[in-house]
Each structure stands twice: as C-alpha cells, then as structure tokens.
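Below is one structure; the comments refer to it alone.
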Amino acid sequence: MTGQPIPVIIDCDTGVDDALALLFAVRHPGLDLRAVTCVAGNTDVDGVVRNTLTVLEQAGAGDVPVARGAERPLIEAPRSARHVHGADGMGDLGLPVPAARRPVDVDAVTLLRREILAAPRPVTLIPTAPLTNIALLLRTHPEVTRNIERIVFMGGAVATGNATPVAEFNVWHDPEAAAVLLTAGVPITMYGLDVFQRVVVPGAQVRRLRASAEPGARLAGELLAHRPAAPDPDGGDSDGADSDGGLGDAGAVCAVADPEGLTTRLLPVEVSLAPGPTRGQTIVDRRARPGEAEIHGGHREQAMVDVGLDVDVARYVKLYLDTVERR
Ligand code: BDR
Ligand code: CA
C-alpha cells in the first residue's frame, strides 16, 4: 500500500454482513474509518445501533463516532430482513451488549455532514444499507458533495433480485432514496447482487477464523458461518458447521480498498419507482446502441453509474482474510 489512507464513512444496517464490512474497514491500513451511521433495514434502527457498537467493540476499533439515523424509509413502512439476519439482526450469536461505547448525541445526517466537511481529503461514502440517510443528507446539505470523492454502494442488481425477482433488498426497501443517490452528482459505483453473491469464503477458512483466539477474527468466523453462500435450501449448512460464508457487504469495502479487483462499466441506471412487480428494480441499460424508444421518444436524462460486472473472488477473499486476521 502506498499513500495516505482513504477517508471512508460507512452507512449500514448491521446486519451480519454489515458487521463483516465494519470488521474489515476497522482493520485495513489503507482505510481511515471516520464515522459509521445507522439506518433501519435488516432490523430496526436501535438494533442496528446496538449491533454496530458491539462489532466495533469486539474489533477493538478506535473511537469511531456512531450515529442513529432514519427509523423508516422515506415513504413506506420498514420491512426487516430478520428471517435472514436473526431476531437481533446480527445472527443471534449471543454477543454482549456494548460495555462502553455509545452513539453520539447527534443524528446520522448531522454526523455525516460534520465528518464529510471536516475530512482533510474528500471522503468515500460506503452505504451498505437502504439509502434513506444518504438521500436525507443530499437533500438537506447538498454542499457535502464538494468533499465526497465517490460513493460505492451495495445495492441493486443487473440480473436477478433477492427481495423480489428483480429488486435487491437495499434499493427495494427505499426506492425513492436510491433514486436520489443515483443523481447525487458525484461518481457512483454500484456493488450489486451480481458481484455481491459471488465472493464466498471457503468452509475451511471459516473454520479457522472461528477457532481464532482473537475476538475480532473469531467474530468474523461466526458471522461467516451464519452466512451460507447461497441462501437457498441446498446452499449449505446454515448452522455453520462446515459451510462456506459469503462476504456480502464486506465486498463493497474491499472494492474501495482494492478497486482493481472489481470490473465496472459506466452505464445508465434507473430505479423503478412504479408500484407493482418492478418497484425497486435497478434498470441497467447494457444495450450497445439506442433502441426504438429513444429513436421515437427522444433522449431521456439518466444517471451514469460504474456498475460492478465482475469480481476477482480469490483476490477479495484473500484480502479479507489477510486484513481481519492481522493484529
Ligand atoms: C443487502 O441486504 C441486506 O440484507 C444485506 O445486509 C445487504 O446489504 C443484500 O441485498
Ligand atoms: Ca446491509
């Protein structure tokens, strides 16, 4: 690694894989984690705050400010993913509540504004959750974009969704907020399901992490064991005995630490806001040339996004393990 660490802020809904992302960000020497903001998503926002503080404590993180953010999407009611992330939203691992850490006494939008504008160099924002806090930030304090280098968000899908056949959970949970994000006017990278689902740690390494004497590495192992690679009935043993574990959101942070592992293409992306079966879909235009719609209807303004299309799986698995196991 050369140069100064990249200032980053993670906006998350911790969340088993958000926890994996935090563990990585705290331990990677090329990243300077300046704040963490919390939003309702995988579980309710108070659960997200608790889980986030617990992870930072277990990871032995420095004094990273954590703030509570939106407790529901802009328009719809919150819809948790506890069936995936457990009743406590973080795998029901029986972790202690945070002993010393507390959230700061300002809300997430205020903390985001403060930390972005105070950073010595432009910040990379890494949302790994529904985009509600980010949309509120962009609408309340648009001046923050002058000190944002880029936004690398986990969300969306080129091909297949998970919350619905076509929509990914983070975008589906708050589609209007995702639409605001895409028009932020800063460079945006979409780390969508197409790459997210591919980065999987083999069972042998998960076992090694779980056996570690070091609490942060051991927690990574427990979280990975809770995260079978394929969320379907034949996708592995979800009690974690021998299963592979997907890095999930942590892959988006790997893409900031090591951008060369992710192949992207600048493409027009639009969020479907219509009610009905396409709501929350990220429509990625991969056509080589304009079609009849453009020929007859004229050009429509669309957000251009660096869309993750391929990922070097072995590279990110190694990067993750090397980083989380280093002390
Ligand atoms: C996303 O949804 C959440 O359940 C995960 O934490 C991830 O951010 C995947 O669709
Ligand atoms: Ca998440």
Side-chain angles (χ1 to χ4, degrees), residues 8-25 36-45 47-52 54-55 66 69-70 73 76 78-93 108 125-134 151-175 177-178 181 189-200 220 223-224 226-232 235 238 245-256 271 279-282 307-308 311:
V8 299
I9 297 178
I10 295 183
D11 182 72
C12 57
D13 61 341
T14 322
V16 175
D17 57 330
D18 304 81
L20 289 165
L22 292 168
L23 281 166
F24 177 82
V36 180
T37 49
C38 301
V39 66
N42 288 323
T43 191
D44 61 282
V45 71
V48 172
V49 171
R50 180 201 60 228
N51 293 343
T52 299
T54 296
V55 174
V66 173
E76 295 183 272
R79 294 165 289 180
S80 83
R82 287 197 196 95
H83 66 291
V84 177
H85 293 260
D88 73 353
M90 205 171 60
D92 296 326
L93 302 176
L125 267 186
I126 315 176
T128 60
L131 286 314
T132 321
N133 286 345
I134 306 301
I151 301 177
V152 178
F153 80 103
M154 188 287 128
V158 180
T160 309
N162 56 2
T164 78
V166 295
E168 180 280 330
F169 175 79
N170 289 340
V171 174
W172 170 84
H173 199 253
D174 196 343
L181 167 91
T189 299
M190 176 172 130
Y191 187 87
L193 280 183
D194 319 85
V195 282
F196 168 100
Q197 285 172 333
R198 289 186 44 212
V199 189
V200 172
L223 293 163
L224 284 164
H226 186 83
R227 254 196 95 69
D232 59 30
S238 64
L247 280 189
D249 288 340
V253 191
C254 291
V256 173
V271 180
R279 184 162 164 80
Q281 179 179 12
T282 44
V307 179
V311 61

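Just so you know, these numbers use all the heavy atoms, side chains as well, and skip hydrogens, waters and symmetry mates. In each ligand, atom 1 is the first atom listed, and ligand 1 is the first ligand listed.
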Under a 3.5 Å threshold, I'd like every N/O contact between ligand 1 and protein atoms, with atom names and distance.
unit_1   : atom_1 : unit_2 : atom_2 : d
ligand 1 : 4 (O)  : N42    : OD1    : 2.6
ligand 1 : 4 (O)  : H85    : NE2    : 3.0
ligand 1 : 6 (O)  : D17    : OD1    : 2.6
ligand 1 : 6 (O)  : D17    : OD2    : 3.3
ligand 1 : 6 (O)  : D18    : OD1    : 3.1
ligand 1 : 6 (O)  : N42    : ND2    : 3.1
ligand 1 : 6 (O)  : D249   : OD2    : 3.1
ligand 1 : 8 (O)  : T128   : O      : 3.2
ligand 1 : 8 (O)  : N170   : ND2    : 3.0
ligand 1 : 8 (O)  : D249   : OD1    : 2.6
ligand 1 : 8 (O)  : D249   : OD2    : 3.0
ligand 1 : 10 (O) : N162   : ND2    : 2.8
ligand 1 : 10 (O) : E168   : OE2    : 2.4

Inset, instruction - Would you indicate whether the side-chain heavy atoms of Q281 and P175 approach each other to under 4.5 Å? - result: no
Inset, instruction - Kindly indicate, with the supporting measurements, whether the criterion side chain to side chain contact (heavy atoms under 4.5 Å, CB included) is fulfilled by D13 and N170. - result: CA-CA 10 Å; D13 61 341; N170 289 340; 4.2 Å; yes
Legend entry - Side-chain heavy atoms of L125 within contact of D11, under 4.5 Å: no
Inset, instruction - Please examine the side chains of R279 and E76, heavy atoms only from C-beta on, and report whether any two atoms are closer than 4.5 Å. - result: yes
Legend entry - Cut-off under 3.0 Å, centre the Ca ion (ligand 2), protein N/O/S atoms: D13 OD1, D18 OD1, D18 OD2, T128 O, D249 OD2
Legend entry - Residue pair R50 / D88, side-chain heavy-atom distance below 4.5 Å: yes
Legend entry - Residue pair N42 / M90, side-chain heavy-atom distance below 4.5 Å: no
Inset, instruction - Indicate yes or no: at least one non-hydrogen side-chain atom of D249 is less than 4.5 angstrom from one of V16. - result: no
Inset, instruction - Would you mind reporting whether D18 and V55 have side-chain heavy atoms less than 4.5 Å apart? - result: no
Inset, instruction - Kindly say whether V48 contributes a backbone atom to a donor-acceptor pair with the side chain of T43 at under 3.5 angstrom? - result: no
